[in-house]
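Have a look at the structure below before the remarks.
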Amino acid sequence: MEAEIKGQLEVIKSRAVELISEEELAKKLAGSLRYNRPLKIKLGVDPTAPDIHLGHCVVLEKLREFQDLGHVAILIIGDYTARIGDPSGRSEARPLLKPEEIERNARTYVEQVFKILDEDKTRILFNSQWLEPLKLEDIILLSSKFTLARLLERDDFQKRFRSGLPISLLEFLYPIMQAYDSVAIGADVELGGTEQKFNLLVGRDLQREYGQEPQIILTMPLLVGTDGVNKMSKSLGNYIGVSEEPQEIFGKVMSIPDSVIIDYLELTTDLDPQEILRLKKGMDEGSLNPGDVKRMLSRKIVQRFYSEEKAREAEREFNQIFRDHELPSHIPELFLSSVIDLSDGKIWIVQLLRKAGLANTNSEARRLVEQGGVKINGETVADVELELNQDQLKRSILQVGKRRFVRLI
RNA sequence: GGGGGAGUGCCCGAGUGGCCAAAGGGAGCAGACUGUAAAUCUGCCGGCGAAGCCUACGGAGGUUCAAAUCCUUCCUCCCCCA
């Protein structure tokens, strides 16, 4: 049994940033093995963004590992807490969500999450179930267990406090509510990104208050977004969604700065650390082309959510467009008749770009033309005033930039 | 309750009467180059069929030939004192 515990600990600790605490976890694991009782691994999710992206996957993957070790994942959809909004890592309060939005987001979330989790070993709970019935009296009791000093310990609160930025009372309630989730389900372990550390710790405090054994907390690194600067997030638009098309995922991974390739290898693939180290060395010494490493990474990521075949296809497609500057295999088509006003049979290039959805405003379309970013059948359009008639456009291919194409039919 | 400060373009942030569609940075977009949608460099980056015009610096009024900049008032936020 000793060996089994050790083995599990190894798996659990891999890639994690912090484990509080290893001894307690070992004890819990021992109990779990002895009584054949799986541990309850909690992960709270905020139904604020309707798409799961690679950043979420880091934590979800860890949860999956727990499942594979025989434990049960408890996914808590923060449908109630979402009304408050988690202030973690934010410099300002988040806008409130409407109940309908929350519901819609939660549904998408659940759909996507099983790309990673084992459905049979997952329980999904909505925290409105126990938070909604709370009376003011209960909340007063709950808040009596915390002090301002304790809550202000939190890094982002402290920063905001010091720099004179507002902290809503509501936001103080958030960690308390999240902690109450742990009490409600009797969590053994709670997972989260590093920015969640404080909230997770509050869970321990509250569980103790309620006479429960405090949960173990395990924090995972945050994945940086495609911009290579900020953490991956939907709202920053630097994310790679697990439900995106293979081609899109491949391309987005190829667009990450070389400087974060290693991070991605570590956090989004199952490559062993030795291998990653070898790749890093290779790139540092110049014996490996980062572009090639990134290709491999992109392939692995696509493969993870689709298949090896799809990954290969995506790469072929990528090479075709970006390396060989050829046309993609699939080009969206647009009926000329829906674009051209038949009365005069002609259309201005700027209008055409807008109608084809390749530019949002005339100004944007003008700019694209002026900067030489627009091509028709491979020929750069040089004149902003260019007018085209139906015959010229029939079966032609309109291209903006390197990667946006429309076939006119 | 009293005193002080702040609100600028997608974000951060400079600007305190005309030279301001507003410095600088980031993001984004386009071009060049390439090893990739990397890095680097260059350009663009409110809208309008664009000469010019319109909209814009928290909201509403006002002063002025002229306001992001001055005045009044309202809203929001922050700090200090109590």
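Here is how names work: the chains are called A, B, and so on, in the same order as the sequence lines, proteins then strands, and each is numbered from 1. These figures come from a predicted structure and were not determined experimentally.
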| query | So does A:E244 pair up with A:K252, basic N to acidic O under 4.0 Å? | reply | yes

| request: May I ask you to say what A:E315 touches in the nucleic acid, namely base, sugar-phosphate or nothing, with a heavy-atom cut-off under 4.0 Å? | output: nothing

| If you check every side-chain atom of A:E385, which of B:A30, B:G35, B:G49 has the closest atom? | B:G49

| N/O (side chain, A:S363) to phosphate O (OP1/OP2, B:C48) under 4.0 Å | yes

| remark: Residue pairs passing the ring pair (Phe, Tyr, Trp, His ring centres under 6.0 Å) test with at least one member in residues 379-409 of chain A, sequence neighbours excluded, are none

| task | Side chain of A:T361 only, please: which of B:U36, B:G49, B:G47 is the nearest? | result | B:G47

| Shortest side-chain distance from A:P257, nucleotide among B:G49, B:A39, B:A30 | B:A39

| query | Salt bridge or not for A:K40 and A:D188, using N-O below 4.0 Å? | reply | no

| Does a nitrogen or oxygen in the side chain of A:R354 sit under 4.0 Å from OP1 or OP2 of B:G47? | no

| query | Which of the following nucleotides, B:G47, B:G49, B:C48, is nearest to the side chain of A:W348? | reply | B:G49

| query | Salt bridge check: are A:E275 and A:R278 linked by an N-O gap of less than 4.0 Å? | reply | yes

| remark: From the candidates B:U34, B:G35, B:C48, the one with an atom nearest any side-chain atom of A:H325 is B:U34

| query | So, is A:K402 close to the B:U36 phosphate, meaning a side-chain N or O under 4.0 Å from OP1 or OP2? | reply | no

| Salt-bridge present (A:K13, A:E65; N to O < 4.0 Å) | no

| query | If a stem is a run of at least 3 consecutive Watson-Crick or G-U pairs, both distances under 3.5 Å, which stems include RNA chain B? | reply | B:1-7 with B:75-81, B:10-12 with B:24-26, B:28-32 with B:40-44, B:46-48 with B:52-54, B:58-62 with B:70-74

| Just checking A:G291: base, sugar-phosphate only, or nothing, at a heavy-atom cut-off of under 4.0 Å? | base

| Touch check for A:R367, heavy atoms < 4.0 angstrom, all strands: base, sugar-phosphate only, or nothing? | sugar-phosphate

| Given B:C45, B:G49, B:A38, which nucleotide is nearest the side-chain atoms of A:K294? | B:A38

| Do A:D205 and A:K145 meet the salt-bridge criterion of a basic N to acidic O distance under 4.0 Å? | no

| said: Under 4.0 Å between a side-chain nitrogen and a carboxylate oxygen: does that hold for A:E213 and A:K27? | reply: no

